[in-house]
Amino acid sequence: MSEKKDQPKFPTYKGKPLVRCGDVIYYGSMKDKYVIMMQIQESQKDETIGLDVAQKVTIQLLSTDLDLRARDRIIKKSEKSSLYDAMDLASVWLERALKDGIKKS
């Protein structure tokens with residue numbers, strides 16, 4: 001499969017693109033029916049590595065259906081204490097949603 005020259009190449013996690021804008025990370029493709037939005041709520045400086053490390057991350061499974069109101073696009077929501085845990089949950093949610101489809105409860 002050839003890649004178009006005008007398409008940006010994003011880093012991926014388990015085959016799905018990751019796009020970061022500030023403290024918000026989108027996981028998945030907007031061409032799919034669902035995408036994950038992770039928002040870093042709190043972070044703390046780790047002096048050993050000299051970087052900020054996420055301490056509180058909000059995860060949302062969102063529908064990409066533009067006909068829905070923003071509030072109705074939120075399918076699931078959770079909070080985790082690390083980016084690793086958030087990514088782990090996000091990959092499971094997205095995989096299941098894209099495989100089975102999900103109805104908002």
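Starting from 1, each residue takes its place in the sequence as its number. Just so it is clear, the model here is predicted, and its values are computed rather than measured.
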Would you say Lys16 and Leu98 make side-chain contact, with heavy atoms under 4.5 Å? yes
Testing the basics here: between Ser78 and Trp93, what is the closest heavy-atom pair and its distance to 0.1 Å? CB-CH2, 3.6 Å
May I ask you to check whether over 12 heavy atoms, not counting those of Glu95, lie within 6.0 Å of atom CD? no
I'd like to know if the side chain of Arg71 reaches the main chain of Arg73, judged simply by a donor and an acceptor atom lying under 3.5 Å from each other, with no hydrogens or angles considered. no
So for atom OH, which belongs to Tyr84, do other residues, nucleotides or ligands contribute more than 12 heavy atoms lying within a distance under 6.0 Å? no
Can you tell which of Lys80, Lys76, Met38 makes a side-chain contact (heavy atoms from CB on, under 4.5 Å) with Leu89? Lys80
Can you give me the closest heavy-atom contact between Leu18 and Tyr27, atom names plus distance? CD2-CD1, 3.7 Å
Is the shortest heavy-atom distance from the side chain of Tyr26 to the side chain of Ile36 under 4.5 Å? no
Taking all heavy atoms of Tyr13 and all of Ser91, pick out the closest pair and write down the distance. CE2-CB, 3.9 Å
Please answer: with hydrophobic residues joined when any side-chain heavy atoms are less than 4.5 Å apart, are Ile74 and Met37 in the same cluster? yes
Taking all heavy atoms of Ser43 and all of Asp52, pick out the closest pair and write down the distance. OG-CB, 4.0 Å
Residues Phe10 and Pro17: closest non-hydrogen pair is CB-CB, 4.2 Å
How far does CD of Glu42 sit from CD of Gln55, to the nearest 0.5 angstrom? 7.5 Å
Could you tabulate the donor-acceptor pairs under 3.5 Å formed by side-chain atoms of residues 57-65, not counting sequence neighbours?
from, atom 1, to, atom 2, distance (Å)
Thr58, OG1, Gln41, NE2, 3.3
Ser63, OG, Asp65, N, 3.2
Thr64, OG1, Asp32, O, 2.5
Thr64, OG1, Lys33, O, 3.1
Asp65, OD1, Asp67, N, 2.9

Can you tell me how far apart CG (Asp46) and CD (Gln44) are? Round to the nearest 0.5 Å. 8.0 Å
